[in-house]
2 protein chains.
Amino acid sequence: MSGRKIRTMEEFAEAIGISRPTVSKYFNDPESVRKTTRAKIESALKEHQYQPNIFAINQNRKLTKCIGILVPYLADPFFAEMVRLMERRCIDAGFWPILFSAHGEQELENKALATLLSLRPTGALLAPLGRASDLEVIERFTRDVPTVIFDSNVPLGEAFVGSNNFQSIPMMVDYLCRTGEPPCFFEMPPVNPNANKRRDAYIMAMEKLGHDPKVIRVEGRGWDFEQIGLDEGGRLLDERTLPSDTILCSNDRLAIGFIAAAFERGLRVGHGQGCALRVAGHDDHPWSRFTTPPLTTVSQDYTSIVRKSVATLFDLVEGGKRGGERPEILFDGKLILRSSA
Amino acid sequence: MSGRKIRTMEEFAEAIGISRPTVSKYFNDPESVRKTTRAKIESALKEHQYQPNIFAINQNRKLTKCIGILVPYLADPFFAEMVRLMERRCIDAGFWPILFSAHGEQELENKALATLLSLRPTGALLAPLGRASDLEVIERFTRDVPTVIFDSNVPLGEAFVGSNNFQSIPMMVDYLCRTGEPPCFFEMPPVNPNANKRRDAYIMAMEKLGHDPKVIRVEGRGWDFEQIGLDEGGRLLDERTLPSDTILCSNDRLAIGFIAAAFERGLRVGHGQGCALRVAGHDDHPWSRFTTPPLTTVSQDYTSIVRKSVATLFDLVEGGKRGGERPEILFDGKLILRSSA
DNA sequence: AGCAAAAATTTACGTGAGTAAAATTTTTGG
DNA sequence: CCAAAAATTTTACTCACGTAAATTTTTGCT
């Protein structure tokens with residue numbers, strides 16, 4: 001029916017018989033045009049399936065409709081899940097979430113930030129690599145783009161949203177001490193501030209309970225936590241140098257590897273009779289309920305962290321208020337008791 | 001030193017003392033400008049850290065520099081890994097990979113395709129939801145954008161790259177029959193063509209070996225394969241209706257859930273003495289080496305699939321040849337023998 | 001019905017680059 | 001050393017839409 005295919009807003013507007021700017025207004029806020037106009041546009045929209053060109057839309061806009069999301073490692077199910085929830089919220093709010101992963105590398109994080117910068121996003125949700133981050137680059141980025149930092153608290157951006165390690169770790173330590181031998185702490189590679197915070201929280205909690213904290217440092221580097229848990233855990237088990245039969249791992253992925261190492265050596269993990277080791281994790285990764293035994297852990301409050309991060313960013317963006325004090329919003333974890341500890 | 005900050009290519013060119021189009025040429029291909037000019041630009045680049053605006057770049061370009069990547073479910077480590085490798089290759093080739101996940105939902109897949117379309121990408125790497133896909137929408141998309149389909153073979157796009165289920169499954173069936181009781185097949189929800197192909201391949205392989213194929217259909221829906229494996233596997237174990245003590249799961253995630261179900265019931269999984277069940281998977285998910293016992297599975301050739309998908313797309317894009325025959329490139333899997341079967 | 005205020009629409013110009021064609025500079029050949 | 005050819009740079013126009021200001025239409029009230 002319609003002659004040639006409609007490619008531009010100009011053609012689309014002409015086909016309906018109204019001016020292009022009115023159509024433009026419609027796309028920016030359907031409520032802002034008269035009801036009759038809206039009806040005309042919407043019926044035409046069904047017929048022609050026209051969609052404005054994203055590049056042109058954002059070319060001359062004061063504020064683009066895009067929100068940058070950058071995570072350190074997308075293949076980590078924790079981040080995959082966070083991203084999933086964040087994308088959803090952004091889309092629902094009419095934004096265009098645009099996703100980057102640093103894949104564990106500083107160079108890629110910097111490149112992603114540069115790309116993002118040239119997109120002039122309205123705001124950004126940023127989980128930095130942490131220790132491997134180039135803080136100068138991030139700092140420059142945050143000067144131009146309102147940014148909420150999550151997960152890994154580098155002292156930049158307009159706000160931080162994350163988990164309260166100083167609540168979650170002591171809670172787990174309490175539980176473990178109450179129900180068996182005080183735990184040693186199997187530390188993750190210090191890729192980000194959480195690593196150190198969790199260790200410090202462990203030490204504090206143990207001392208408060210009158211126990212001697214025992215931290216196991218680990219050689220592995222990078223983000224292959226399961227592999228590190230398997231290799232280093234295996235080494236510790238072989239050398240019989242573990243200072244406790246209760247092992248608190250600083251995250252679930254490490255615990256997953258550690259459990260595998262224990263299994264390889266015929267050691268039963270769990271809190272029941274005949275179990276040689278208790279293993280606990282932290283984060284409640286999507287996979288941790290499927291380990292054998294299912295992993296006792298602390299859940300990070302995914303939903304709250306995502307909701308608060310996104311809400312904070314939207315406030316920032318709408319309010320336009322920047323450079324005030326920098327709130328740090330921490331959510332408490334919940335003890336997830338399964339059978340590994 | 002430099003007065004105000006440089007924001008546009010115009011300002012940047014002026015600061016160096018050459019014309020803007022020359023700078024533009026440089027950014028599109030540094031080799032295309034005289035050596036002396038290039039040196040001038042590059043030294044200025046260091047001083048001013050200018051980066052062209054992505055929206056403006058792509059606004060009036062014949063071919064944008066962006067490549068769309070769409071996967072059905074990014075929280076699945078298989079796709080997370082594929083995406084990681086693909087992004088890397090696109091970046092190295094000077095493209096801008098832009099990532100979308102359908103999060104298991106048709107509506108989001110369609111929305112992602114629409115967004116992508118409005119970006120006029122040079123090409124797209126598309127792993128469709130499969131059964132839940134709106135094929136009409138995908139078809140319209142592939143009319144405008146050269147597309148390589150991967151993982152899930154819907155009959156669209158310019159090429160398909162994936163795994164050869166009719167090689168991998170029989171290979172596993174052979175192995176299992178050779179080393180113990182012939183397997184039954186624990187089917188994943190039919191979310192995509194792979195599900196049916198793997199089942200058919202199983203049936204063929206069993207018949208060829210003179211065994212009675214036994215397929216276990218499953219109620220669960222969606223992409224929560226581990227949960228389905230746990231719930232349905234548990235039900236089967238409780239009802240004692242499993243037709244074989246060797247279970248070939250149609251993917252690793254299902255197997256991970258099944259192993260958890262077996263563990264819950266005190267059943268030892270493995271091929272050694274005293275084991276009640278053998279469990280095998282398919283895909284060699286990043287997690288499957290950390291199950292207890294480590295999962296015997298078939299590896300999909302991640303690297304080859306990614307390399308071929310990306311290479312095929314680049315050929316397509318550069319050659320400009322479309323609408324020829326539609327090659328289907330299948331890679332063989334490799335048997336990964338661990339201790340679960 | 002008439003008129004002012006409010007709302008909606010249109011006019012006119014801006015955005016930051018790509019790109020074809022024209023102009024200039026550099027290289028090559030005799 | 002000079003003309004022709006090749007390479008490079010510049011001029012001039014384009015892309016598809018946002019947006020402020022001007023204009024028109026609608027609404028609310030008397």
Next item on the list: Using the side-chain contact (heavy atoms from CB on, under 4.5 Å) rule, take B:Leu156 and B:Leu135 through it: C-alpha gap first, then chi angles, then the decisive distance, then the call.
Entry: CA-CA 8 Å; B:Leu156 295 168; B:Leu135 291 186; 4.1 Å; yes

Item checked: Verdict with reasoning, A:Arg143 to A:Glu139, per salt bridge (Lys or Arg N to Asp or Glu O under 4.0 Å) -> CA-CA 6 Å; A:Arg143 277 206 296 254; A:Glu139 201 279 327; 2.9 Å; yes

Separation of [X] atom [atom1] from [N] atom [atom2], in whole Å?
| X | N | atom1 | atom2 | result |
| --- | --- | --- | --- | --- |
| A:Ile18 | C:dA7 | CD1 | P | 20 Å |
| B:Tyr26 | C:dG18 | OH | P | 13 Å |
| B:Ile16 | D:dT9 | CD1 | C1' | 14 Å |
| B:Lys35 | C:dT26 | NZ | P | 15 Å |
| B:Ile6 | C:dA17 | CD1 | P | 11 Å |
| A:Lys40 | C:dA8 | NZ | P | 14 Å |
| A:Arg34 | C:dA7 | CZ | P | 12 Å |

Next item on the list: Can you establish whether the number of heavy atoms outside A:Glu107 located under 6.0 Å from its atom CD is more than 12?
Entry: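 Open.
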
Item checked: side-chain contact (heavy atoms from CB on, under 4.5 Å) assessment of A:Leu330 paired with A:Phe160 -> CA-CA 8 Å; A:Leu330 302 180; A:Phe160 172 76; 3.6 Å; yes

Geometric class of the [Y]/[X] ring pair [parallel <30°, tilted 30-60°, perpendicular >60°]:
| X | Y | result |
| --- | --- | --- |
| B:Trp223 | B:Tyr73 | parallel |
| B:Phe27 | B:Phe12 | tilted |
| B:Trp96 | A:Phe100 | parallel |
| A:Phe78 | A:Tyr302 | perpendicular |

Note to self: My understanding is that only residues two or more places apart in sequence, or in another chain, count here; which of them pass salt bridge (charged side-chain N to carboxylate O under 4.0 Å, His left out) with B:Arg61?
What the structure shows: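 With neighbours one apart ignored, the set is empty.
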
Any side-chain N or O of [X] below 4.0 angstrom from OP1/OP2 of [N]?
| X | N | value |
| --- | --- | --- |
| B:Ser32 | D:dT8 | no |
| B:Ser19 | D:dT10 | yes |
| A:Thr37 | C:dA8 | no |

Item checked: For DNA chain D, the residues among residues 90-98 of chain B that have a non-hydrogen atom under 4.0 Å from it ->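 Heavy-atom cutoff 4.0 Å gives no residues at all.
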
Checklist line | Results of ring pair (Phe, Tyr, Trp, His ring centres under 6.0 Å) for A:Phe79 - residues two or more places apart only | finding: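 Listed in chain order: nothing, the list is empty.
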
Item checked: B:Glu328 side chain near B:Asn153 side chain, heavy-atom distance below 4.5 Å ->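 When only atoms from C-beta onward are counted, B:Asn153 and B:Glu328 do touch, with a gap below 4.5 Å.
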
Tabulate protein N/O versus nucleotide N/O from nucleotides 15-18 of chain D, keeping only pairs under 3.5 Å, one per line.
{"from": "D:dC15", "atom 1": "O4'", "to": "B:Asn60", "atom 2": "OD1", "distance (Å)": "2.8"}
{"from": "D:dA16", "atom 1": "O4'", "to": "B:Gln59", "atom 2": "NE2", "distance (Å)": "2.7"}
{"from": "D:dA16", "atom 1": "N3", "to": "B:Gln59", "atom 2": "NE2", "distance (Å)": "3.3"}
{"from": "D:dC17", "atom 1": "OP1", "to": "A:Tyr50", "atom 2": "OH", "distance (Å)": "2.6"}
{"from": "D:dC17", "atom 1": "OP1", "to": "A:Asn53", "atom 2": "N", "distance (Å)": "2.9"}
{"from": "D:dC17", "atom 1": "OP2", "to": "A:Met9", "atom 2": "N", "distance (Å)": "2.4"}
{"from": "D:dG18", "atom 1": "OP2", "to": "A:Ser24", "atom 2": "OG", "distance (Å)": "2.3"}
{"from": "D:dG18", "atom 1": "N7", "to": "A:Arg20", "atom 2": "NH1", "distance (Å)": "3.4"}
{"from": "D:dG18", "atom 1": "O6", "to": "A:Arg20", "atom 2": "NH2", "distance (Å)": "2.8"}
{"from": "D:dG18", "atom 1": "N3", "to": "A:Asn60", "atom 2": "ND2", "distance (Å)": "3.3"}

Next item on the list: Identify the two heavy atoms, one from A:Ser118 and one from B:Asn53, that lie closest to each other, and give their separation to 0.1 Å.
Entry: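 Looks like O-ND2, 3.7 Å.
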
Next item on the list: Report the C-alpha separation of B:Ile67 and B:Leu125 in whole Å, then their side-chain angles, then the decisive distance to 0.1 Å, and conclude whether the side-chain contact (heavy atoms from CB on, under 4.5 Å) test is met.
Entry: CA-CA 7 Å; B:Ile67 299 271; B:Leu125 296 158; 4.3 Å; yes

Check: What's the verdict on side-chain contact (heavy atoms from CB on, under 4.5 Å) for B:Gln300 and B:Ile305, showing C-alpha distance, side-chain angles and the deciding distance?
Finding: CA-CA 8 Å; B:Gln300 291 206 45; B:Ile305 294 177; 3.7 Å; yes

Next item on the list: Mind grabbing the angle between the end helix axes of the helix from C:dA1-D:dT30 to C:dG30-D:dC1? Five pairs an end, 10° rounding.
Entry: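 Computed angle between terminal axes is 10°.
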
Would you tabulate the pairs of protein nitrogen or oxygen atoms and nucleotide nitrogen or oxygen atoms of nucleotides 4-6 of chain C closer than 3.5 angstrom?
none

